[in-house]
There are 2 protein chains.
Amino acid sequence: METSGVVFNQFPRGGFQLQALAERVSRDQEHLPVLPPLYNVVRDTASCSRSTYSPLQALSESTCRDHAAPAPPPPPPRVQESHSQVPNQSVTLHPAVARCSASLELSALWRSFHELGTEMIVTKAGRRMFPALQARLSGLLPNADYLLLVDFVPLDDKRYRYAFHSSSWVVAGKADPVSPPRIHVHPDSPAAGAHWMRQLVSFDKLKLTNNQLDDNGHIILNSMHRYQPRLHVVFLPGDGQSAPGTVPYRTFIFPETGFTAVTAYQNHRITQLKIASNPFAKGFRDCDPDDCPPEPGGQRAPRRREEGPLAQPYAAEPSAGGPLYAPHAHTVRYDTYI
Amino acid sequence: METSGVVFNQFPRGGFQLQALAERVSRDQEHLPVLPPLYNVVRDTASCSRSTYSPLQALSESTCRDHAAPAPPPPPPRVQESHSQVPNQSVTLHPAVARCSASLELSALWRSFHELGTEMIVTKAGRRMFPALQARLSGLLPNADYLLLVDFVPLDDKRYRYAFHSSSWVVAGKADPVSPPRIHVHPDSPAAGAHWMRQLVSFDKLKLTNNQLDDNGHIILNSMHRYQPRLHVVFLPGDGQSAPGTVPYRTFIFPETGFTAVTAYQNHRITQLKIASNPFAKGFRDCDPDDCPPEPGGQRAPRRREEGPLAQPYAAEPSAGGPLYAPHAHTVRYDTYI
DNA sequence: AGATTGACACCTAGGTGGTAATGT
DNA sequence: ACATTACCACCTAGGTGTCAATCT
């Protein structure tokens with residue numbers, strides 16, 4: 001099923017036309033900077049109403065933060081050299097995607113993680129993301145067919161290490177070599193616009209792995225590196241629906257979904273927030289079994305081991321390495337986010 | 001999503017073109033006899049090598065039984081009156097389906113159930129079939145797109161009752177009114193022929209319900225009625241792949257998959273075979289926990305309640321009602337059939 | 001009396017982080 | 001040192017038939 005360098009998790013449907021189209025989307029962007037002007041980048045509409053939006057700014061900081069918590073600035077995005085085929089001017093969108101927009105679901109939870117410096121576990125067998133990428137779509141043509149793709153681009157070309165003494169990430173060198181990029185195709189693809197817009201689109205089948213030889217179609221990432229997920233909405237032209245010279249897809253980036261891939265959690269507050277918000281980790285929660293599932297805002301007594309001064313007490317300054325947790329991160333409890 | 005009387009479990013993919021095509025397949029056959037000559041009926045190729053095959057005969061008895069067990073003859077198929085649009089002569093198949101064939105997986109298990117008189121539970125919330133319909137396909141064009149559909153046709157127009165005193169099914173009157181027919185679309189649809197042929201195609205998401213008002217897209221059946229599942233392989237023409245005047249689909253019927261819908265099992269030997277072969281029912285098996293999963297052929301000591309002469313000892317003659325279990329049905333133990 | 005429903009114990013299947021062992 | 005792995009207890013989620021209660 002690999003006709004080019006791009007590897008997909010699956011491509012049962014629609015045969016090879018779809019695969020070729022998805023490959024084109026991937027290739028178009030493969031050698032571009034993380035956020036080239038070509039991209040039709042749209043901000044998380046649920047959390048930000050800014051009409052003018054700078055893509056590069058979006059990745060370099062969280063531009064739309066409605067909390068007072070200090071914004072953890074990730075390192076500036078890498079700009080690669082090979083700008084092949086970058087039409088720097090505005091492009092004409094295919095009508096099927098011209099009015100398309102997407103909003104990130106659970107953006108408050110994502111922001112809570114982002115403020116601490118999101119970490120995502122990668123394992124040999126593949127690990128789901130938590131939170132999972134979920135989006136609400138609008139502006140699609142109900143009767144037109146679309147693919148929904150997710151891929152991951154490096155946020156920089158560095159390798160990181162977590163300094164426990166300062167509870168901060170520090171640069172540990174240049175990035176390791178990258179594996180051939182992989183793209184996750186939403187299992188419903190292709191589907192009509194009406195299907196995608198009917199309800200939340202969830203990428204909860206997507207799995208991350210650090211196994212460079214992975215055979216299951218999972219997304220291959222380097223541990224201790226930073227990544228930015230991207231959502232691509234790709235129009236699939238039917239008979240006579242092609243419009244040469246137009247761009248048939250749009251790419252959405254939600255900066256608060258950027259993360260560091262790890263094989264074990266480094267920042268203990270990330271661990272705690274995962275435990276508090278992921279229903280599958282309920283067994284690790286520090287609360288009585290009866291009233292354990294508290295609604296956001298509730299607060300309960302600890303049950304498991306009293307972890308006293310476990311690592312450093314959570315009070316450290318952001319260092320050059322990248323985002324740190326905010327000293328006064330939310331005490332909000334998340335219950336069921338799945 | 002309902003543009004005609006046909007209801008589908010889902011139709012996210014490929015938009016309305018696919019839905020229209022599937023509806024056509026359904027409508028073509030909706031008012032036909034159970035097995036009209038139009039159908040491209042193919043026998044379970046795994047269990048039968050007969051080259052000449054009579055569709056009507058296939059439903060009226062199990063024509064390809066390689067066991068000595070007495071064949072439980074189901075009631076003869078109903079022949080409806082409204083033979084609209086029945087080209088009684090042979091039709092020209094579209095090249096994309098001309099060489100298509102399908103074989104039933106787990107046909108030995110299906111036959112064991114069939115010999116006892118298969119029962120399938122229907123519930124308000126929807127119940128999976130066990131065994132699930134699974135088939136291996138061949139002869140598709142690897143790069144062409146296909147839909148895989150399953151629907152259910154009544155095997156007769158009768159209502160049944162199980163006579164416990166004689167351990168046999170008896171006719172209890174004329175069939176109840178039928179709900180609008182529903183079609184289960186395999187979730188992978190549409191997919192390339194290569195995808196369908198790569199591995200076993202399993203319809204384990206299909207659920208049966210007796211809730212006439214079901215709005216989960218499940219298959220609606222009448223309890224205490226007999227049904228025959230059908231598998232439709234539908235070619236989905238791409239640009240310029242249409243061939244007017246040809247039939248773009250084939251229908252496969254495996255007579256050993258016919259069953260009686262029930263809300264609770266009637267024949268106790270059916271219950272026992274389900275418990276012995278369905279891994280989810282392992283908790284009800286009559287064997288020691290350690291060596292409980294015996295390979296087919298093994299035999300173990302009972303663990304749960306000794307059920308002595310539970311109903312009548314299993315020895316009854318087939319009555320006019322339909323299939324009965326064979327008095328000497330297999331003692332083979334089935335382990336994991338999922 | 002027969003058919004249906006709902007609560008239940010008991011499974012499969014798989015997603016959590018913890019922890020100790022193992023690499024490197 | 002640090003990163004990774006394998007295994008584990010503990011969850012969620014949902015598929016089984018049983019049984020008692022209820023419906024018709």
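Proteins get letters first, then strands, A, B, ... in listed order; numbering begins at 1 in each.
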Problem set entry | Donor on one side chain, acceptor on other, B/His195 and B/Arg198, under 3.5 Å | yes

For [X] and [N], give me the distance from atom [atom1] to atom [atom2], rounded to whole Å.
| X | N | atom1 | atom2 | result |
| --- | --- | --- | --- | --- |
| B/Asp286 | C/dC10 | CG | C1' | 14 Å |
| B/Leu208 | D/dG15 | CG | C1' | 14 Å |
| B/Asn278 | D/dT18 | CG | C1' | 15 Å |
| B/Phe280 | D/dT18 | CZ | C1' | 18 Å |
| A/Met120 | C/dG17 | CE | P | 10 Å |
| B/Arg128 | D/dG14 | CZ | C1' | 9 Å |
| A/Trp169 | D/dC2 | CH2 | P | 13 Å |
| A/Ile275 | D/dA9 | CD1 | C1' | 13 Å |

For this session: Report the residues that fulfil side chain to side chain contact (heavy atoms under 4.5 Å, CB included) with A/Ala175, sequence neighbours left out, ordered by chain and then residue number.
Result: A/Asp157, A/His225

For this session: Kindly assign one of parallel, tilted or perpendicular to the pair B/Tyr227 and B/Phe259, based on the angle between their ring planes and the thresholds 30° and 60°.
Result: tilted

Exercise. Taking the inter-plane angle between the rings of A/Trp169 and A/Tyr160 on a 0 to 90° scale, is it parallel (under 30°), tilted (30 to 60°) or perpendicular (over 60°)?
Worked result: perpendicular

Exercise. So, for B/Phe254 and B/Gln228, which heavy atoms are closest and what is the spacing to 0.1 Å?
Worked result: O-NE2, 3.1 Å

Problem set entry | Distance-minimising heavy-atom pair for B/Leu200 and B/Ala135 | CD1-O, 3.6 Å

Report each atom pair, protein N/O against N/O of nucleotides 1-5 of chain C, whose distance is under 3.5 angstrom.
unit_1, atom_1, unit_2, atom_2, d
C/dT4, OP2, B/Ser223, OG, 2.9
C/dT4, OP2, B/Thr263, OG1, 2.8
C/dT5, OP2, B/Asn210, ND2, 2.9

Seminar exercise, completed: With sequence neighbours left out, the residues meeting side chain to side chain donor-acceptor pair (under 3.5 Å) with B/Asn222 are B/Gln212

Exercise. What nucleotide, of C/dG17, C/dT12, D/dT18, holds the atom closest to the side chain of A/Tyr265?
Worked result: C/dG17

Problem set entry | Proximity to the side chain of B/Lys282 - top-ranked nucleotide from C/dG18, C/dG15, C/dC11 | C/dC11

For this session: Answer yes or no: side-chain N or O of A/Arg127 and base N or O of C/dG17 forming a donor-acceptor pair under 3.5 Å.
Result: yes

